[in-house]
Amino acid sequence: MKLILSRDLSNKFLKLIRLLNEGASGESAAAELGVSRVSVWKMVKKLEEWGYTVEKSRKGYRIVSEPDLSPFRASKIVFETQLFQQFVFFKEIDSTNRIARELNEAVVMAEKQIKGRGRLGRYWMSESGGLYFSMALSPGLPVSEVPKLTLTAGVAVAEALSFANAKLKWPNDVLVDGKKVCGILSEVVGEDLRVKVVVGVGINVSNPVPDDVPATNLRQLGYEVGILDVFELVMERFSQRYSQLISGEWERIREKWVELSDTLGRKVKISVAGKSYEGIAVGIDSDGALLIEDGELKRVFSGECFYVK
Ligand code: BTN
């Protein structure tokens, strides 16, 4: 099941939801929205399809309950950022990143993913209860600057989860108490000078997490937060940090990454393309590379990071 919302359609649904929370006749709702009564009826059907319970009486319609993960509420959060033109929501999909690759200035979200993609070709377990979304962005950056966008997304999530004292493990795992609560997968689409980037974010809210890796969810950590509350916090921080990035204020983001880092100061081993580098992680440079010191200074842009005891 799939729902595609433009800004305009999202506004119409949100207005209808406001009206029906109080209760309204089909006629008055139609007049308020500037659409026909049949359109109102069709929109009510859509609300029901997506988990709203709508009571119907001689007086009209009234919403009696709404789903925890309402795609309409999610769309409000998306469009408030002013970064996107489209929002696509799935009950279930293989991977939101796969769908977002085909779109522009769009956010794709799913209640559940069947083949969630992790970094380095891994599988990302995505049962209901988690936050899974992908943003299709055209930041106007050359491909060499994409690592900065990836780090920016990490900073935004860690800031959004500051209530849990979240930290960043290079390149952009978000950890709480040393365990992973969020993974970010950035994929470059196309080969243009200025590329499109899909940034996929998976946050463990109350979904089951794999037990063979050090991962946890916010519920297990004692935070009873809703998926959309987390989404709202992340999108607020992301739109702010993204604007900084594209207006040339990367240095501020870099400083924040350093402040929130769990990695700097540790002995690390970075595996990338069959090679590995070992040393002390000492910084993030102006290009977004991790700096490793082992007698000489090395720069790494991507790879897997292990902490060495
Ligand atoms: C990682 O391996 O740490 C990255 C995980 C990224 C998972 C998210 S969930 C939403 C988006 N869609 C995907 O298929 N993957 C990303």
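Note that ligands are numbered from 1 as they come in the structure, with each ligand's atoms numbered from 1 the same way.
- Contact of the Gln86 side chain with the Ile4 side chain is registered, since non-hydrogen atoms from C-beta on lie closer than 4.5 Å.
- The single protein non-hydrogen atom nearest to atom 5 (C) of ligand 1 is Trp124 CE3, 3.4 Å, given as residue, atom name and distance.
- Heavy-atom neighbours of Asp68 CG from other residues, nucleotides or ligands within 6.0 Å: at or below the threshold of 12.
- Heavy-atom separations between Gln113 and ligand 1 include at least one value shorter than 4.0 Å.
- Counting heavy atoms closer than 4.0 Å to ligand 1, residue Leu120 contributes nothing at all.
- Each of the following atoms of ligand 1 lies closer than 4.0 Å to a heavy atom of Gly116: 14 (O).
- Salt bridge status for Glu80 with Lys76: present, with a side-chain N to carboxylate O gap under 4.0 Å.
- The aromatic ring centroids of Tyr223 and Phe163 lie less than 6.0 Å from each other.
- Less than 6.0 angstrom separates the ring centroid of Phe89 from the ring centroid of Trp50.
- Against a heavy-atom cut-off of under 4.0 Å, Thr96 is close to the following atoms of ligand 1: 10 (C), 11 (C), 12 (N).
- Taking every heavy atom of Ser134 and a limit of under 4.0 angstrom, the matching atoms of ligand 1 come to 11 (C), 12 (N).
- Those atoms of ligand 1 that come under 4.0 Å of a heavy atom in Ser95, given as number and element, are 12 (N), 13 (C), 14 (O).
- In this structure, Lys169 satisfies the cation-pi test against Tyr307, with its NZ or CZ atom closer than 6.0 Å to the six-membered ring centre and inside 45 degrees of the ring normal.
- The shortest N or O to N or O distance between Arg117 and ligand 1 is below 3.5 Å.
- Taking the six-membered ring for Trp and the full ring otherwise, the centers of Phe79 and Phe84 sit at least 6.0 Å from each other.
- A salt bridge between Glu255 and Arg252 is absent, with no side-chain N of the basic residue lying under 4.0 Å from a carboxylate O of the acidic one.
- Here atom 11 (C) of ligand 1 lies nearest to Asn97 when heavy atoms of Ile203, Asn172, Asp94, Asn97 are compared.
- Between Lys180 and ligand 1, an N or O atom pair is found at a separation short of 3.5 Å.
- Atoms of ligand 1 found under 4.0 Å from any heavy atom of Arg119, numbered from 1 in the order shown, are 1 (C), 2 (O), 4 (C).
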